[in-house]
Amino acid sequence: MSTRIPFLKGHGTENDFVIVPDPENTLDLPPAAVAALCDRRAGIGGDGLLHVVRSAEHPEAAHMAGEAEWFMDYRNGDGSIAEMCGNGVRVFARYLQRAGHVTEGDLAVATRGGVKAVHIAKGGDVTVGMGKALLPEGDVTVSVDDRSWPARNVNMGNPHAVAFVDDLAHAGDLYSPPPFSPAAAYPSGVNVEFVVDRGPRHVAMRVHERGAGETRSCGTGACAVAVATARRDGADPVATGTPATYTVDVPGGTLVITERSDGEIEMTGPAVIVAEGEIDADWLENAVG
């Protein structure tokens, strides 16, 4: 390991990430190292870490190398591995653009949730093809203190429980995972979204993300919310052939989600790189040890 490790810091609607470029996959980033880097007091701070690796160099992504040159090896802030992060993909794409690996226009990014199509608009937002939502059958309930709500089970490559509430304050502090039932619905835990209406096809949400607590934004969560809200409103683009677009306010900004008539979901929002620097490798080794 070199004595200095390059890093950047970025965010998408204030869902923030430590970005570690490592094209040849030479860095050892165990969970403790990721957690140390994401620590907001003793480290750099972030909701998660974007490990930037060429797909061909990573054993989990080599099979996608023919479709996508770059793999987003995403980690939650506690060091655990996640399948996908929608805001993270946008920031990942912005980093690739900044580093000169890609230009404005279309590109593909490999993730544990599959290959994602990305479009970088000229001087503007980034759109990510988020795939199709799966809507598992069965009733789900989420709870906060003495309140409980039915929730819609939506899978966007990672699991979500979407609950419609009267007031976002009912979500509580979201420090701890909101209890849910039945336990079998989410054997590996779940992201829980609490949603209120703001207007026609316009909602606001708060979210508890697995392994991160409450975050300022969650891209896959916003997609899950848009799909759950559309179904609540009686809209099913695949059945009707009419796309449905929802504006989703998150604490860190606004995302626009479109479910197309083929069921594919697109998410559009900002992606910002705010800083870059170097990690002291000795500090990181001591933080892990």
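Heads up: numbering here begins at 1 and tracks the sequence. Since the model is a prediction, treat every value here as computed from it, not as a measurement.
For the side-chain hydrogen bond (donor to acceptor under 3.5 Å, both in side chains) with Glu193, the lone residue among His160, Arg152, Arg206 that qualifies is His160.
Note on Val248: it does not cluster hydrophobically with Val256, by side-chain heavy-atom contacts below 4.5 Å among ILVMFWY residues. Under the 4.5 Å side-chain contact rule for hydrophobic residues, Met72 and Leu29 do not share a cluster. Tracing side-chain contacts under 4.5 Å through hydrophobic residues (I, L, V, M, F, W, Y), one never reaches Val140 starting from Leu134; they form parts of separate clusters. In terms of hydrophobic clustering, with Ile, Leu, Val, Met, Phe, Trp and Tyr side chains grouped at heavy-atom distances under 4.5 Å, Val89 and Val250 are assigned to a common cluster.
At least one test fails for Arg112 against the ring of Tyr74: distance under 6.0 Å to the centre or angle within 45° of the axis.
Salt-bridge annotation for Glu83 and Arg210: present, with a side-chain N of the basic residue lying under 4.0 Å from a carboxylate O of the acidic one. Between Arg98 and Glu276 there is a salt bridge, since at least one side-chain N of the basic residue sits less than 4.0 Å from a carboxylate O of the acidic one.
With ring centers used as reference points, Phe92 lies 6.0 Å or more from Trp70.
A donor atom on one side chain and an acceptor atom on the other are not found under 3.5 Å apart for Asp16 and His11. In this structure, a donor-acceptor pair under 3.5 Å is absent between the side chains of Asp47 and Thr215.
Summarising the geometry, atom CZ belonging to Phe17 is positioned 10.5 Å from atom NZ belonging to Lys9; distances are rounded to the nearest 0.5 Å. Distance check, rounded to the nearest 0.5 Å: CZ of Arg216 to CG of Asn15 gives 10.5 Å. A distance of 4.5 Å separates CG of Leu255 from OG of Ser217, quoted to the nearest 0.5 Å. Taking CG of Asp197 as the start and OG1 of Thr229 as the end, the distance is 7.0 Å to the nearest 0.5 Å.
By the salt bridge (Lys or Arg N to Asp or Glu O under 4.0 Å) test, Arg198 is found to be paired with no residue, residues two or more places apart in sequence or in another chain being considered.
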Salt bridge (charged side-chain N to carboxylate O under 4.0 Å, His left out) between Arg75 and Asp73: does it pass, once the steps are laid out?
-> CA-CA 7 Å; Arg75 318 292 182 86; Asp73 175 17; 2.8 Å; yes
Begin with the C-alpha distance, continue with both residues' side-chain angles, and end with the deciding distance and a verdict on side-chain contact (heavy atoms from CB on, under 4.5 Å) for Leu284 and Leu37.
-> CA-CA 8 Å; Leu284 186 59; Leu37 289 168; 3.9 Å; yes
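Dense packing is recorded around CG of Asp262, with more than 12 heavy atoms of other residues, nucleotides or ligands lying under 6.0 Å away. Around CG of Asp145, the count of heavy atoms belonging to other residues, nucleotides or ligands within 6.0 Å does not exceed 12.
Of all heavy-atom pairs between Pro243 and Thr258, the closest is CB-CG2, 4.4 Å.
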